[in-house]
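Working notes for the structure below.
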Amino acid sequence: MSDEPRQSASHRYTAALANEIEPRWQARWAELGIDRQPNPGEAGFDASRPKFYCLDMFPYPSGAGLHVGHPEGYTATDIICRYKRMSGFNVLHPMGWDAFGLPAEQYAIQTGVHPAITTREAIDNFRRQLRRFGFCYDWSREFGTIDEGYYRWTQWVFLRLYKSWYDPEAEPRDATVRSPGRARPIAELEAEFASGARPVRFNPLAAEVADALKARTYESWDELDAGARRDVLDSYRLAYLGEQTVNWCPKLGTALANEEVIDGKSERGGFPVFRRPLRQWMLRITAYGDRLLADLEGLDWPESTLTQQREWIGRSEGAEIDFGLPEAPMGVGAAALRVYTTRPDTIFGATYMVVAPEHPLVDAVLKDDGAPGGLREYVEWARNRSDVERQESKDKTGCDTGLRAVNPATGERIPVWTSDYVLMGYGSGAIMAVPAHDQRDFEFAEKFGLPIQDVVYPKPLLAASRYFKRRPNAGEKWRAELSDVLSMVTSENTEPRDFDSIIERARVRSAGDETAPVTPVAEEWLGLLDGLAGDDAGGDGARDVIERGRVHRARGEAFAGDGRLWHSANAGISLNGLAVPEAKRQIVGWLESEGLGQKKVQFRLRDWLFSRQRYWGEPFPIVFDEAGRHHAVSDDALPVTLPEMTDYTPEESDEPKPLLAKAGAWLRTTAGEAGAEGLDPGAGVTRESNTMPGWAGSCWYHLRYTDPGNTDRLASEDAESYWMGRQPDRELGGVDLYVGGAEHAVLHLLYARFWHKTLFDLGHVSTNEPYRKLFHQGLILSHAFQRADKSLVPVDQVEERGEDEFVETATGERVAQIIAKMSKSLKNVVNPDDVIADHGADTFRLYEMYMGPLDQQKPWDTRAIEGMFRFLRDVWRLCIDDATGEPRVADAENGDLEKRLHRTVDKVGGDIERLAFNTAIAAMIEFKNAALSKDGTPTLTADQIDRFVRTLAPFAPHLSEEIWSRLGRFDQRGSVHRQAWPEVDESKLVDDSIEIPVQILGKLRSKVTVPADADKKAMETAALADERIKELIEGKTVRKVIVVPGRLVNLVVG
RNA sequence: GGGCCCGUGGCGGAAUCGGCAGACGCGGCGGAUUUAAAAUCCGCUUCCCGGCGACGGGAGUGGGGGUUCAAGUCCCCCCGGGCCCACCA
């Protein structure tokens, strides 16, 4: 082997060489600090450069280590950051750890090892793996959310929420706020109450405060005692204690997320789970509902994410309506039942009402002796039913409460039922049921035999009638056409967006067959429409339709679409003949004038449940005095650290008991010891023993990176406003590019926006929105195998039998190869460490970027990695002599290659800007293919290698630096990663002459070469002079010539 | 059930603004080199028809229709796949 001639080529690019040069350069870069980015005011900061803040969603460091999905987004941002740095930007590109969380705690329960230990180990492993990729993070800014120096400020932000309220009338801080209102310190509210500048009352926006309390306005602040003042102020806080129904598992001693509850039992252990109201910390995110919605406008975010946020916020406009309860038994206590509806226009069709099983009215009825039989049993069953169960079975269940309400529009007495399809958490927990026009109400009414009353008449039929009227002399053909229209109208439950398109389709269908039969359905509808034709708004014809034409009902559906009202009249008001929007306006106006209801904006968004009964999270900076009142820990006393514990097993209990409640010595202390504000230092206090949820740390980490070591503030004003501030050319400030998975499209991004906005309102940060531009990388998938019954088989239990034939080893059964998510159980997870060992980090980076568009999901193909390795090997061979390891430099410049190089630089730069790394790499491969000589002679001058290597550097930083160094450039000018992006000579991008296609009737027939700047006339002349074209148009008339300068010529011949 | 996204060669994908469909890579086929294989290098590679060949003709971007001189791209309908939300009145 050793005498093999090619063996002398010992300087070839191999995996071994990659694994030698990569760590070597990583160490050298760290030593030189080339990825350090100084802050304003620090040595080495260049104020003349614009800034670029590029943020990756920081990982949760799991024990399993890095997944191939992590480096996908990280490589993309790395390329952009390196490119931006070369293009003259100050680049902030940090990395850290989202390290509080459940998995570490679960592991601690099993092993007794403190979560901090396992988490620190996982962080060290993640850091090692990330560094091996050569990412240009400024590691001097690294932190974890579990660092005391970090979560101290998480607690500090919580206290800002605790000490603030939302003033809907306050002037926004700047014009980027698109909806009124702003958070203000609660001290200002107190001062306004005390001075009489503001009427003293409970917070009208507080969901946790009873309506009766909210209705009252107090004479003066002095009238109230200290306790009452606290109650009033507490109702305004953005962080407050409120009741929320949760899934409570006594055996596990914790509340569970809905996903952790299956069939009413805990996922772990199978213990029973109960829905239980629990008093805990809530954040008043609903106060920001309008702003979180309105400020989405103007963000450069994926449309799908914007949509998801809008839907999650779920703003709807409707009305609150009071239904009288004249015969309610004593003890029910309410004279009216309040409902929320988005369709007040359908009130004439409200034939019964439904309240949630948790509704106070139900409890009131149950206290009464006259409660109907079975009600108690139903309510108990329903209240203990988990959300998961409710979702699994959508069969309607319910029970009559025996109460009767009065429909204010019709004056009729209607029954009040209870059912779990009405949720206590939305609106007022009660609805007016309109079974004719709401699918859920319809199903309920069908099941329990409740009356159904139509009041809205579908518009397509009105449109069809107009169409019919336009053709009074309709013959067979038109009848056929109309029958098609009608069959479409009646066969589709969706409202056609455009009636003309239906007509168009009908015309197309019937065009081929003039005698198309008139179907029985169409016949019926033609009859109905005949009756209707005389009067759109009403009359006997329309009434006939209403009575006979209950098409939707016949199909087992309620008609929920837009349309016109009918049968909607009493002595007080008539909605007959009105379209839905107008009918809504009229009925709400009438209700308001009668004092029976008013317009109401409702959000789907609920306040954020912020307490967890867990250990491994941020402790609340809150203590309770002996009277049970909460008090803030002062800013100076932060952080409140977690107590050491030896046993992480939750306590079995009937009452919710957080894990920290076991830490007796920590739990019970004095106000002085805890640093509590406004209490006698000797007073005994109990610490809040819940911890914050995993989301807390990720709500503001983008701010900390700007100044991670600051001990006085969450970040200095200078650093924060420089990195997060507005750019001269942009309306919005914030992070310039935020890249991460689409799984965070709602919760993380909504929570972070909320915190950021509060900090903005209070003057702690300089922008209204945290993330100006957002991008989601697509999932990286893998192969898996599927049996005929669709069950999946791990890849190690399958063998290949020839072309595309796979069988399960154990059974010999044939299985299909499919694309699936990587998962441990399928044994198809790719380990980044292995890929780097086999090919090097540069190849790995290139491969992941070459797989396809960054935002699409793509299957991992181990074989295709080879292609990227070959590319890098060829680049190496292009620049470095295999035998000597010296650079291969041509003396004279090849003009064609020079042109290509300029185009490549231009294309790659543009592609990076639009995150199209796959095509950028393709362009570089093309250049390599053109430049690589067949005979082994050098083709590129030193200057050309210099520029090409700079172009490749953001993608393959190690190989580029090595070639750069062997070219002598490192010694002369320092690292390739601190060089400028190669300049593009515009004149090199255009050719003198270009080949343009000549089409005849849109079909390519020939090509002609014309000067690049040829005008229309010249192009036309050249095209018509072409031999082939002349031949083809021989004897035909050229009717028209389409010339697109620089692109093509198209001849229209006839 | 609702919303969003996506369907292009054997495979991943390209076509950035309605203007030459299939760039680039993988795989495959043929050849060179080799005692041989691997590796490497060179060539071909959407399909169909004709031609020894240069080449010529036709079809073609899930299916059907429309707009246009021109459609992968825009509009309508249908089919298939994926993701998210899901009793929110």
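First the proteins, then the strands, lettered A, B, ... as listed; each starts at 1.
Donor-acceptor pairing under 3.5 Å is lacking for the side chains of A:Glu72 and A:Gln777. Inspection of the A:Thr397 and A:Tyr421 side chains reveals no N or O donor paired with an N or O acceptor under 3.5 Å.
As rounded to whole Å, 15 Å separates atom C1' of B:G12 from atom CG of A:Leu846. Note: CD (A:Glu311) to P (B:C4) measures 8 Å, nearest angstrom.
Remark: the separation of the P atoms in B:G12 and B:A23 is 15 Å, to the nearest Å. Taking atom C1' in both B:G10 and B:U46, the straight-line distance is 11 Å, to the nearest Å. Here the separation of B:G82 from B:C69, taken at their C1' atoms, is 38 Å to the nearest Å. For the C1' atoms, the distance from B:G51 to B:C11 is 32 Å, rounded to whole Å. Nucleotides B:C26 and B:U34 have their P atoms positioned 25 Å apart, rounded to a whole Å. Rounded to whole Å, the separation between the P atoms of B:G62 and B:G9 comes to 7 Å. Taking the C1' atoms as reference points, B:A86 lies 10 Å from B:G3, given to the whole Å. The gap from the P atom of B:C47 to that of B:U61 amounts to 16 Å, rounded to the nearest Å.
Under the 4.5 Å side-chain criterion, counting only non-hydrogen atoms from C-beta, A:Phe323 is in contact with A:Met432. Side-chain contact between A:Ile1029 and A:Leu1051 is present, with heavy atoms from C-beta onward closer than 4.5 Å. A:Ile921 is listed as a side-chain neighbour of A:Met849, based on a closest heavy-atom distance under 4.5 Å.
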Are any protein N/O atoms closer than 3.5 Å to N/O atoms in nucleotides 15-17 of chain B? If there are, list each pair with its distance.
residue, atom, partner, partner atom, Å
B:U16, O4, A:Lys907, NZ, 2.3

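Along RNA chain B, the nucleotide nearest A:Glu303 and the nucleotide nearest A:Leu1032 are compared for position; the residue whose nucleotide lies closer to the 5' end is A:Glu303. Looking at which nucleotide of RNA chain B each of A:Arg1047 and A:Leu1001 is closest to, the 5′-most match is held by A:Arg1047.
Between A:Trp860 and A:Tyr847, the gap from one ring centroid to the other is short of 6.0 Å.
Partners of A:Leu915 according to the side chain to side chain contact (heavy atoms under 4.5 Å, CB included) rule, which considers only residues two or more places apart in sequence or in another chain, are A:Ile80, A:Leu737, A:Phe775, A:Phe917. Take A:Tyr850 and apply the ring-ring contact (aromatic ring centres under 6.0 Å, His included) test, not counting sequence neighbours, and it matches no residue. Scored by the ring-ring contact (aromatic ring centres under 6.0 Å, His included) test, A:Tyr426 finds no partners at all (sequence neighbours excluded).
For A:Lys1040, whose side chain is taken as the heavy atoms from C-beta onward, the closest listed nucleotide among B:C69, B:A89, B:C20 is B:C69. Proximity note for A:Leu1004 (side chain, C-beta onward) versus B:C20, B:G19, B:G57: the nearest is B:C20. Among the nucleotides B:A89, B:G19, B:G13, the one closest to any side-chain atom of A:Asn1050 is B:G19. The side chain of A:Arg873 lies closest to B:C41, out of B:A89, B:G57, B:C41. Side-chain proximity of A:Lys396 to the nucleotides B:A89, B:C41, B:C87 is greatest for B:C87. Checked against B:C41, B:A86, B:C69, the side chain of A:Trp312 finds its nearest nucleotide in B:A86. Minimum atom distance to the side chain of A:Thr342 is reached by B:A89, of the listed B:G12, B:C20, B:A89. Between B:G13, B:G57, B:A89, one nucleotide has an atom nearer to the side chain of A:Arg1005 than all others, and that is B:G57.
To the nearest 0.5 angstrom, A:Arg338 atom CZ is 4.5 Å from A:Glu320 atom CD. Separation of atoms OG1 (A:Thr418) and CG (A:Leu361) is listed at 9.0 Å; rounding is to 0.5 Å.
Base pairing in RNA chain B gives the following stems of 3 or more Watson-Crick or G-U pairs, range against range and under 3.5 Å: B:1-7 with B:79-85, B:10-12 with B:24-26, B:27-32 with B:40-45, B:46-50 with B:55-59, B:62-66 with B:74-78.
Between A:Arg870 and A:Asp874, no side-chain nitrogen of the basic residue sits less than 4.0 Å from a carboxylate oxygen of the acidic one, so the salt-bridge criterion is not met. A salt bridge does not link A:Asp882 with A:Arg873: none of the charged nitrogens is closer than 4.0 Å to a carboxylate oxygen.
Nucleic acid contact for A:Val1044: base, since at least one base atom lies under 4.0 Å from a heavy atom of the residue.
One finds a side-chain N or O of A:Tyr426 lying less than 4.0 angstrom from the OP1 or OP2 phosphate oxygen of B:A89. When the side-chain nitrogen and oxygen atoms of A:Lys600 are compared with OP1 and OP2 of B:A89, none of them lie within a distance under 4.0 Å. Phosphate contact (OP1/OP2 of B:C84, side-chain N/O of A:Arg310, threshold under 4.0 Å): absent.
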Treating primed atoms plus P, OP1 and OP2 as sugar-phosphate and everything else as base, which nucleotides of nucleotides 24-32 of chain B get B, S or - for protein heavy atoms under 4.0 Å? BSSS-----

